[in-house]
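Keep in mind that this is a model prediction, so the values were computed, not measured.
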Protein chains: 2
Amino acid sequence: MRYSHQREIIREIVFSTNSHPTADWIYGEIKKSLPNVSLGTVYRNLKQLADEGIIRNIQDGPVARYDWNIEPHDHLKCNVCGEMIDIQVPNEIIKDTVMEKYDFEVSDVEITLVGKCNKHT
Amino acid sequence: MRYSHQREIIREIVFSTNSHPTADWIYGEIKKSLPNVSLGTVYRNLKQLADEGIIRNIQDGPVARYDWNIEPHDHLKCNVCGEMIDIQVPNEIIKDTVMEKYDFEVSDVEITLVGKCNKHT
DNA sequence: ATAGTAATAATAATCATTACTAATTAAAAA
DNA sequence: TTTTTAATTAGTAATGATTATTATTACTAT
Ligand SMILES: [Mn+2]
Ligand SMILES: [Mn+2]
Ligand SMILES: [Zn+2]
Ligand SMILES: [Zn+2]
């Protein structure tokens, strides 16, 4: 993968926030410095960065979000403000139980807890 | 919600399979008996049935799937054959831990384990 | 039977994402 | 340093899933 200015800025944007941004939000950000980038470029580079394991892709319903944090972790999704919060759930137990009980080779555990964050009490 | 023949058949189709069918698959099935149904009718009725709690909506990446089993349960997704298998994971522990640790009012826990099912050993 | 309104088929619109293409550009080869 | 190359780009068209619109049809209560 050869260097590209666009990809470097996209990477920096993803690494600059904890908000698990969407491609569209990143597009809005990169246009501030490079007004001529196209949305296709954003999608293409996010895909490349995710394929290389530099960033992580997380699916939030029908839209893809991106995360600089590639360590295994789970998420809380607030259905009031839409925010996604990182959480750590001990899922090795789940994984092991399922592999044994269902004879299934688990490669990834995706846990999202949906509810209301503490801003809306 | 008043009775409709289309909705009744859609409900029966969802209840007839364990495959967590998509709207499009259901559309193909209902056309066998009612060739003139429109895809919009399928979507509208699936939404109504899910809103009424008669069936359950599960998000599989960018596509919606439907499940006659409304009891709280989780899924295994095989990334070889695409099949979704019902599993029971004791998630009350997770829920309670997260509610306390993160001060988050959890209404739903979504767990999907991705991997390879025992048909591809 | 009539009126009121929920549901329908057909179709257009939307939204997120991917595909295509001619022009540009980083990096390798000469 | 100048070609040569192939990856990358901007711009745009196309796709796939879903939702919205609209004129028509069909239950249901009076
Ligand atoms: Mn995260
Ligand atoms: Mn299920
Ligand atoms: Zn919130
Ligand atoms: Zn399988």
Main-chain N/O of B:Pro72 paired with B:Gln88 side-chain donor or acceptor, under 3.5 Å: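 Yes: the side chain of B:Gln88 pairs with the backbone of B:Pro72.
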Could A:Arg11 and A:Phe15 be counted as a cation-pi pair, given that NZ or CZ must be under 6.0 Å from the ring centre and within 45° of the axis?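 Checked: cation-pi criterion met.
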For B:Tyr27, is the NZ or CZ atom of B:Lys31 found under 6.0 angstrom from the centre of its six-membered ring and inside 45 degrees of the ring axis?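 Positive - B:Lys31 is close enough to the ring of B:Tyr27 and near enough to its axis.
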Protein-nucleotide distance ([X], atom [atom1]; [N], atom [atom2]), rounded to Å:
X: B:Ile9; N: C:dA9; atom1: CD1; atom2: C1'; result: 15 Å
X: A:Gln6; N: D:dA7; atom1: CD; atom2: P; result: 17 Å
X: A:Arg7; N: D:dA7; atom1: CZ; atom2: P; result: 12 Å
X: B:Arg11; N: C:dA7; atom1: CZ; atom2: C1'; result: 18 Å
X: A:Asn45; N: D:dA10; atom1: CG; atom2: C1'; result: 13 Å
X: B:Asn36; N: C:dT11; atom1: CG; atom2: P; result: 12 Å
X: B:Leu46; N: D:dT19; atom1: CG; atom2: P; result: 10 Å

Could you check whether any side-chain heavy atom of B:Thr112 comes within less than 4.5 Å of a side-chain heavy atom of B:Asp74, counting everything from C-beta outward?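 Contact flag for B:Thr112/B:Asp74 side chains = no.
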Test item: A:Ile94 and A:Ile111 side chains (from C-beta on) under 4.5 Å apart, heavy atoms: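 A:Ile94 reaches A:Ile111 side chain to side chain.
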Check DNA chain C against residues 27-35 of chain B and give the residues with a non-hydrogen atom under 4.0 Å, in numerical order.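 When residues 27-35 of chain B is checked for heavy atoms under 4.0 Å from DNA chain C, there are no hits whatsoever.
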Going by distance alone, is a donor N or O of one side chain under 3.5 Å from an acceptor N or O of the other, for [X] and [Y]?
X: A:Asp51; Y: A:Gln48; result: no
X: B:Arg65; Y: B:His75; result: no
X: B:His20; Y: B:Asp60; result: no

Using a strict cut-off of less than 4.0 Å between a Lys/Arg side-chain nitrogen and an Asp/Glu carboxylate oxygen, indicate whether B:Lys119 and B:Glu83 qualify as a salt bridge.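 B:Glu83 and B:Lys119: salt-bridged.
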Counting primed atoms, P, OP1 and OP2 as sugar-phosphate and everything else as base, the B/S/- map of nucleotides 14-30 of chain C against protein heavy atoms under 4.0 Å is --SBB------BBS---
Under 4.0 Å between a side-chain N or O of A:Thr41 and OP1 or OP2 of D:dT9?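 A:Thr41 to D:dT9 OP1/OP2: no side-chain N or O under 4.0 Å.
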Using a cut-off of strictly less than 4.0 Å, decide whether B:Gln48 has a side-chain nitrogen or oxygen near OP1 or OP2 of C:dA6.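 No.
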